[in-house]
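Below is one structure, written out as C-alpha cells; the observations come after it.
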Amino acid sequence: MKSQKTTLIKPKKTREKENKKLDIIGPIIMMLIGIILFTDSSKAVIIVCYSIGAVIIAFGIYELFSYYRLKQELNIEDSKKLMLGVCTIFIGVLVIILSGAIETFLRFILGIALMGNGLKKSAYGLGIHNNITLLEGIIFIGIGLYTILAENIVFQVIGILLIVASIVDIITCLREKK
C-alpha cells in the first residue's frame with residue numbers, strides 16, 4: 001500500500017491584495033459625494049429628486065406591465081394595478097418636474113427650523129445670562145438665514161464630514177496595504 005501525502009491548500013495572496021484594492025473604491029466614491037455636497041448642495045438635492053422620481057416611475061412602469069401581463073395571460077383585469085401604475089408614474093414625473101421647488105421648500109423648512117432653534121437658544125441664554133448659549137443661538141439664527149437665502153449649509157457640513165471620513169478611510173486602506 002502506498003502512503004499518500006496530504007497537502008494543505010494555501011490561500012492565494014492575490015485575492016487578499018485584490019480585495020484591498022477594491023476597499024479603496026468606497027472611500028473615493030464617498031469623497032466625490034462629499035465634494036458635490038460641499039460645492040453645490042442645491043444641485044445635489046435636485047439630483048436626489050431626479051433619482052427618486054426615476055425610481056417611482058420605474059415602479060409605475062412595472063405595475064403597468066404586471067397589469068397587462070395579468071390581462072393577457074389570465075384574462076384578469078386588476079384595476080388596482082392599473083391605477084397604481086398610472087398614479088406612480090404621474091407622481092414620479094411630478095417629483096422630477098418640481099425638483100427645484102422641492103429643493104427650495106426643503107431649504108426654507110430647514111432654515112426656519114434652524115432659526116427657531118436659534119431663537120429658543122438665544123432667549124434661554126439671555127434668561128440665564130449665559131453668553132455662550134446666547135452666541136450659539138445667534139450662530140444658529142445666522143445658519144438658518146444662510147440656508148434660506150443662499151445654500152443649504154447642512155448639506156455642506158455633511159459634505160465636509162464625508163470628505164474628512166473618506167480621507168481617513170483612504171489613509172487607513174493605504175496603511176493596511178503596506
Side-chain angles (χ1 to χ4, degrees), residues 14-62 87-128 130-178:
T14 57
R15 284 189 180 174
E16 291 177 9
K17 287 182 182 179
E18 287 175 8
N19 288 342
K20 287 185 181 179
K21 286 180 184 176
L22 294 176
D23 286 345
I24 203 164
I25 292 174
I28 290 173
I29 292 171
M30 192 167 61
M31 180 182 282
L32 291 175
I33 293 170
I35 291 170
I36 291 169
L37 282 175
F38 177 67
T39 57
D40 204 356
S41 61
S42 296
K43 284 187 182 173
V45 173
I46 290 173
I47 289 171
V48 168
C49 286
Y50 284 168
S51 301
I52 291 171
V55 168
I56 293 171
I57 290 171
F59 178 74
I61 291 171
Y62 171 78
C87 287
T88 53
I89 289 173
F90 176 74
I91 291 170
V93 169
L94 203 61
V95 167
I96 290 173
I97 290 172
L98 297 176
S99 60
I102 292 170
E103 184 271 331
T104 303
F105 176 74
L106 289 175
R107 254 192 15 228
F108 272 96
I109 294 298
L110 196 56
I112 290 170
L114 288 169
M115 287 175 34
N117 190 20
L119 287 172
K120 186 174 76 171
K121 283 184 180 291
S122 296
Y124 181 71
L126 282 173
I128 63 168
N130 187 339
N131 292 337
I132 294 175
T133 307
L134 177 63
L135 181 65
E136 186 180 338
I138 292 170
I139 290 172
F140 268 94
I141 293 170
I143 290 172
L145 283 173
Y146 180 76
T147 299
I148 290 173
L149 300 176
E151 289 286 326
N152 199 338
I153 197 164
V154 174
F155 288 122
Q156 289 176 336
V157 170
I158 291 171
I160 291 170
L161 293 174
L162 282 174
I163 292 169
V164 170
S166 63
I167 289 171
V168 169
D169 287 347
I170 289 171
I171 291 171
T172 303
C173 285
L174 293 175
R175 281 187 184 165
E176 288 178 359
K177 192 175 183 180
K178 291 179 181 181

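Treat the numbers as computed from the prediction; the structure is a model and nothing was measured.
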Check side-chain hydrogen bond (donor to acceptor under 3.5 Å, both in side chains) between Asn130 and all other residues, then give those that pass, not counting sequence neighbours.
->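 Thr133.
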Summary of salt bridge (Lys or Arg N to Asp or Glu O under 4.0 Å) pairs that have at least one residue in residues 118-127, sequence neighbours excluded |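 Listed by first then second residue: Lys121-Glu136.
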Look up atom [atom1] in [X] and atom [atom2] in [Y], then write down how far apart they are to the nearest 0.5 Å.
X      : Y      : atom1 : atom2 : result
Ile158 : Phe38  : CD1   : CZ    : 13.5 Å
Ile112 : Leu119 : CD1   : CG    : 11.5 Å
Thr39  : Ile163 : OG1   : CD1   : 8.0 Å
Ile138 : Asn131 : CD1   : CG    : 9.0 Å

Applying side chain to side chain contact (heavy atoms under 4.5 Å, CB included), name anything that partners [X], two or more places apart in sequence or on another chain.
X      : result
Leu145 : Met115, Ile141
Leu161 : Val157
Phe90  : Leu94
Met31  : Ile35, Ser166, Ile167, Ile170

Sequence neighbours left out, cut at 3.5 Å: what donor-acceptor pairs do the side chains of residues 46-57 make with other protein atoms?
{"unit_1": "Ser51", "atom_1": "OG", "unit_2": "Ile47", "atom_2": "O", "d": "3.0"}

Please examine the side chains of Met30 and Asp169, heavy atoms only from C-beta on, and report whether any two atoms are closer than 4.5 Å.
->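 In short, these two side chains touch, coming nearer than 4.5 Å.
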Minimum side-chain heavy-atom gap Leu106-Leu110 below 4.5 Å =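 No. Closest side-chain heavy atoms not under 4.5 Å.
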How close do Gly34 and Leu162 get, heavy atom to heavy atom, and via which atoms?
->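 In terms of heavy atoms, the two residues are closest at CA-CB, 3.8 Å.
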Testing Ile91, Ile97, Val95 for side chain to side chain contact (heavy atoms under 4.5 Å, CB included) with Val93, which one passes?
->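 Per the side chain to side chain contact (heavy atoms under 4.5 Å, CB included) rule, the option paired with Val93 is Ile97, out of Ile91, Ile97, Val95.
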Check whether more than 12 heavy atoms from other residues, nucleotides or ligands sit under 6.0 Å from atom CD1 of Ile132, and answer yes or no.
->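 No.
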